[in-house]
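Before any comments, here is the structure.
Here the structure is a predicted model, which is why all the values come from computation and not from measurement. A note on names: the letters A, B, ... follow the listed sequences, proteins ahead of strands, and every chain is numbered from 1.
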Protein chains: 2
Amino acid sequence: MSFDLVLFGGTGDLAWRKLVPALFQAFRHGTLPAGGRIIGVGRDTLDDDRYRALIQERFHQVEGDKRPQAAQEFERFAQMLHYVRADLSKAEDYAPIRECLHTRQADTVVLYVATAPALFIPVVEQLAAAGLNDERTRIVLEKPLGHDLPSHRAINAAVRRCFSERQVFRIDHYLGKPSVQNLFALRFGNALFEPLWRRETIANIQILIAEELGVEKRGAFYDQTGALRDMVQNHALQLLCALAMEPPINAHADAIRDEKLKVLRSLKSWTPQTLENHVVRGQYTAGRIGGIDVPGYRDESGVQPHSGTETFVALRAEIANWRWAGVPFYIRTGKRLAQRDARIVVNFRPAPHSIFQSPVGCVNQLVIKLQPQDGLELHLLSQAEARGQSSTISLAPVQLDLDFDKRFGAGRVGAYERLLLDAIDGRLNLFVRSDEQEEAWQWVEPLLDHWRNDAQGPRPYAAGTWGPSASSAMIARDGHCWNEEA
Amino acid sequence: MSFDLVLFGGTGDLAWRKLVPALFQAFRHGTLPAGGRIIGVGRDTLDDDRYRALIQERFHQVEGDKRPQAAQEFERFAQMLHYVRADLSKAEDYAPIRECLHTRQADTVVLYVATAPALFIPVVEQLAAAGLNDERTRIVLEKPLGHDLPSHRAINAAVRRCFSERQVFRIDHYLGKPSVQNLFALRFGNALFEPLWRRETIANIQILIAEELGVEKRGAFYDQTGALRDMVQNHALQLLCALAMEPPINAHADAIRDEKLKVLRSLKSWTPQTLENHVVRGQYTAGRIGGIDVPGYRDESGVQPHSGTETFVALRAEIANWRWAGVPFYIRTGKRLAQRDARIVVNFRPAPHSIFQSPVGCVNQLVIKLQPQDGLELHLLSQAEARGQSSTISLAPVQLDLDFDKRFGAGRVGAYERLLLDAIDGRLNLFVRSDEQEEAWQWVEPLLDHWRNDAQGPRPYAAGTWGPSASSAMIARDGHCWNEEA
């Protein structure tokens, strides 16, 4: 199968940091179909050789493998790289792209749009106008697809006018992570979880996506975005869907996406009360992480000195259906938190009738670790080792562990590697459908509106902590607390 | 609290192999109440010093600790040891025992009866006749308590005439193992298991008690006993009760024993069909274990050359109640099997609707390991690591692990240490009530009767294998198979 993969934004950060390295990994793993072309499109004046050299040079900055063998492999891989100069804001610049694609008729054309958000609509429309939307073409769209519900709808409308839904691959790279795909496998490949996976047994579910990093060089972009748009609207809600969805009728893309959509539609809408009590936004101030002093958010380059952008969000969602009514789903994400840690914690209810002496605050937990390690922990209570002559049995916490890297070996297929291969092969399972995205935007929109009109602004928290104390107060009001890494 | 612990059979194997070492461990752990006496009773003519010397000498054979410190500790411990010469078949020999106990009025007197089974009734009656059954006295009875239902009933009747039930501590040393006690803690200290612990979710439960050892020096005894009496009637059925019982109303001895009794009473009685199809007995022939040639059972010393005694039993039990109806409980135990391994495997039903590609024969399992290591394994299916371009998600087996020794440190409280301390302190939880034992005898009695009249005899199996193939055929008829150690 021959393919042409066109990277719009071919000289950009995402291309050389993530996409080309992911394609190289697939090439090394022997899973990238032979006879393909990877065509970078950018505004710089380059030819194929200079593009290859540019990519290779930048690539060496991110790739640790300095062996001559790796360099030789890259050389062979680089033969797939090509370059077309184009200013995507100019209609006439689409002609050379079309020409390049017409030099041969590849079985599949993948248009990967990783450009400035403002260019999404013109690019999509120009591609269609240039006839680059035929049957064999797929378009991959990188987030952010819009800035709010109206802008998202406008993009979606344009995409829909130009491409049919099954041609559109909306990336949420979290869905490409093996640990996230595994959520589906665990829930629906094991009979064990289904009887437990419901309001009768589960007290609450916590989704944590914590970063140690600050905004790095993306200050100007991030200041326009914030944690809600950057993490909650997409990644966190996708995790929530994978956790909460009903068993799909089969493993096909639409069956899974239908069920995820139902979850999003079941999310309780915000009310003035819940906007006040069930969400906390924060912004980091200067602090220390790993023994190093780091600046506050407002001192980051590209950030407005009086910025009101949130770098932290904690919220409580509730799903109004038979399975989940009354079970809080807590989402917490932020930059400059105490450590890099993405995990899902399923907190089970305590035993209804306790005949033993239990340690305070210990409940059964299933911990699904996504980052930095990928693993499972099952926290139980067992008989404590008692040497004394106690006549009551005391319980002590124990845990069962599973480390996926140990099980399957390190160097698993990365998120972008997986997703790019899926796009080339036309597998939509791990991509987000337009109605899902729209529903997610619809749910977060009231938060954006509320914050726009809220004079208080985000609460400060010192870099290196777990966010503003209001976040702990929020969950404490429910009688729960955040599960933090030991 | 002062105590006198009288070991009837004080020079016997059990005393120096198990009981005195267990008491010494408790002494070292600081849990043996100070001011106690341990009084060995035997037919040899010894005084306290020579008894101490005898125990110390034999003790060194079993105790690995050769440090001078250990010798000093033993010296101090040995001051608790005393000796009374008595032939327990002679009424007049009980007078010196009484005298010894009357030299001081200990708060608690524990009479530990580990004598030849034939002596049980006379010993119990003589103790009562000598007035050694007052309020502060407890009697500990070692198995085998009888040879069949009538002989068991006779012993129980004698015990009941002489002691009240709350004075009687019937030992099943399996109940003293931390891993077995932990069964109660796991089931009733965790909310997680209860929704899963039922016929809707569980396909079958397997109880394995496999020994590598043969009959060793106990050939003559074992040849009169067999695997059914030695392991099934007591240990295996106690494990079955702990697995199958309903949640008790509290953790007191009688609440737990009431629930275990209900399980025994719910065991489906044997029919001519099930006697034929749901039980397999075997007897080992010569073979190799761990690279060493070992003799067949009939060539063991003390064993009759044409012995029909079973050294292996596999059977299928069923519990006729709402929770378990239709779920097979398979028990398998034997000597000279492929490896020493005691474990319980809970096999869950497969997912009712499979949307992924599952490896054949893989189901969710909870493995409770009792011996040689004490641990938990939870076997699940996860997404297989797929590098290829498969459009179906394949599952692969993974397991979560917990090693109790790692969690709590090695050198946990041993079974006899726990049970002796419990007897001294009057805690009945881990001892078996007479009605439980009688019910268990009643359930195995038809098997004994059937075998007595069955000309076929036990099926041969080579030492070092997993028993006769008829055992695998038995479980295969249900569509299941034995879970064997990987």
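Counting heavy-atom pairs closer than 4.5 Å to chain B, the top residue among H252(A), E194(A), H353(A) is H353(A). Ranked by non-hydrogen atom pairs under 4.5 Å with chain A, the options L186(B), L196(B), N250(B) are led by L196(B). For the set L381(B), V398(B), I424(B), the count of heavy-atom pairs under 4.5 angstrom toward chain A peaks at L381(B).
A distance of 6.5 Å separates CG in L400(A) from CG in L378(B), rounded to the nearest 0.5 Å. Once rounded to the nearest 0.5 Å, the distance linking NE2 of H379(B) with CG of L192(A) reads 12.0 Å.
In this structure a side-chain-to-backbone donor-acceptor pair under 3.5 Å is missing from D401(B) to D401(A). A donor-acceptor pair under 3.5 Å links the side-chain atoms of R407(B) to the main chain of P397(A), judged by distance alone.
With a 4.5 angstrom heavy-atom cutoff, S382(B) touches chain A via backbone and side-chain atoms both. Both the backbone and the side chain of Q181(B) come within contact range of chain A, each with at least one heavy atom under 4.5 Å from a heavy atom of that chain. Contacts between F184(B) and chain A at a heavy-atom distance below 4.5 Å involve backbone atoms as well as side-chain atoms. Within the 4.5 angstrom heavy-atom criterion, only backbone atoms of I249(B) (N, CA, C, O) approach chain A. Both the backbone and the side chain of F188(B) come within contact range of chain A, with heavy atoms under 4.5 Å apart. When heavy atoms are compared at a cutoff of 4.5 Å, P178(B) does not approach chain A at all. Using a 4.5 Å cut-off between heavy atoms, N182(A) touches chain B through backbone and side chain atoms alike.
Between L380(B) and L376(A) the shortest side-chain heavy-atom distance falls below 4.5 Å.
Scanning all heavy atoms of the two residues, the minimum distance from A251(A) to F356(B) falls at CB-CE2, 4.0 Å. When all heavy atoms of P248(A) and I355(B) are compared, the closest pair comes out as CG-CD1, 3.6 Å. When all heavy atoms are compared, the tightest approach of N364(B) to A191(A) is OD1-N, 3.1 Å.
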